[in-house]
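Data first, discussion second: the structure below is written as structure tokens.
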Amino acid sequence: MAIRGYEVKSAREQKVVSFADVGVKFAEGEGEEGMFSGYGAVFGNIDSYGDVILKGAFKDSLREAKRSGMWPAMLLQHGGWSSEDMTPIGVWTDLEEDEKGLKVEGKLALNTSRGRDVYELMRMKPRPALSGLSIGYRVKEFEYGTKPTQPRRTLKKVHLLEISPVTFPANPKAGISAVKGAEMTERQLEQVLMRDAGFSAQEAKAMIAGGFKALKGTRDAAPGEVDVVNVLKEAGKLFRS
């Protein structure tokens, strides 16, 4: 049973399942709507449970996941008792270790209600309402600390089971670095209209406020003078970014 912050030992397998939370921050980025990226863990940093993960701890697990096609699940809050809770909210599209930690990229299932809910919570302003990641794993190799100044455990090898967006992150040094989607601010659109379409600041503001018809009072354009197609093309480029 997945309980955040606890270790659950299987009576049959006698293997430990742990959950290590990480904090997150958000930024707009390029890419497909529903995609997000960041770090599921940071190497060498002691989390709030007293554990530290060493570089290379995920290496074998990631290799096996890519070989077998059985990737860690993307759950919400580590899942729960019901089948709905244990139903994934998306998929991880890339997992790798770098110098910093476990780098993750994933895609939320926006055609599902839970996927849309998570996406909206991640992108809320002025701050995300859902702003954490947490990894669930079985410990394969570790050492206990022997001094008060040492970590409770130093994790040398773990098997990743799942990675979840969570509400309460325990480690602020890792997490989501980008949530990608199709949202363009009014200021960005204004810049496109002025820079690429040749509108004045007054015309751009009028168009944003009331659409192309709003230009009637600011520009006495002849038919075809306003190249709507090209304007939309340029706006579309920024929209996708």
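Quick caveat: nothing in here was measured; it's all calculated off a predicted structure. Positions are given from 1, in the same order as the sequence printed here.
- When E33, M122, R116 are each tested for a side chain to side chain contact (heavy atoms under 4.5 Å, CB included) with L108, only one passes: M122.
- Of the candidates K156, K157, K140, K157 is the only one forming a salt bridge (charged side-chain N to carboxylate O under 4.0 Å, His left out) with D60.
- V166 and S134 get closest at one heavy-atom pair: CG1-CB, 3.6 Å.
- Looking at Q77 and L130, their side chains come closer than 4.5 Å, going by heavy atoms from C-beta outward.
- By the criterion of side-chain heavy atoms lying less than 4.5 angstrom apart, applied directly or through intervening Ile, Leu, Val, Met, Phe, Trp or Tyr residues, L54 is not grouped with L95; the two fall into different hydrophobic clusters.
- M70 and L62 end up in different hydrophobic clusters when Ile, Leu, Val, Met, Phe, Trp and Tyr side chains are linked at under 4.5 Å.
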*Y137 and H159: side-chain contact (heavy atoms from CB on, under 4.5 Å), yes or no, with the steps?*
CA-CA 5 Å; Y137 53 90; H159 177 71; 5.8 Å; no
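- Scanning both residues, M124 and A129, for their nearest heavy atoms gives SD-CB, 3.7 Å.
- Salt-bridge annotation for R114 and D117: absent, with no side-chain N of the basic residue lying under 4.0 Å from a carboxylate O of the acidic one.
- When the options I53, L160, V42 are evaluated for a side chain to side chain contact (heavy atoms under 4.5 Å, CB included) with L102, the one that passes is L160.
- Between I89 and L75 the shortest heavy-atom distance is CD1-O, 3.9 Å.
- Side-chain contact between R152 and D51 is present, with heavy atoms from C-beta onward closer than 4.5 Å.
- Linking Ile, Leu, Val, Met, Phe, Trp and Tyr whenever their side-chain heavy atoms come within less than 4.5 Å puts Y119 and L121 in one cluster.
- By the 4.5 Å heavy-atom criterion applied to side chains, W92 and V104 are counted as neighbours.
- M35 and K107 make their closest contact through SD-CB, 3.3 Å (heavy atoms, listed as atom of the first residue, atom of the second, distance).
- In this structure, P72 and I135 have side chains that are not in contact, with every pair of non-hydrogen atoms separated by 4.5 Å or more.
- Residue pairs meeting the salt bridge (Lys or Arg N to Asp or Glu O under 4.0 Å) criterion with at least one partner in residues 66-93, sequence neighbours excluded, are E64-R67.
- Not counting sequence neighbours, F43 has no partner by the ring-ring contact (aromatic ring centres under 6.0 Å, His included) test.
- V52 has its side chain out of reach of N45: every pair of non-hydrogen atoms, C-beta onward, lies at least 4.5 Å apart.
- Ion pairing of K59 with E97 is absent here, as no side-chain N (NZ or NE/NH1/NH2) approaches a carboxylate O to less than 4.0 Å.
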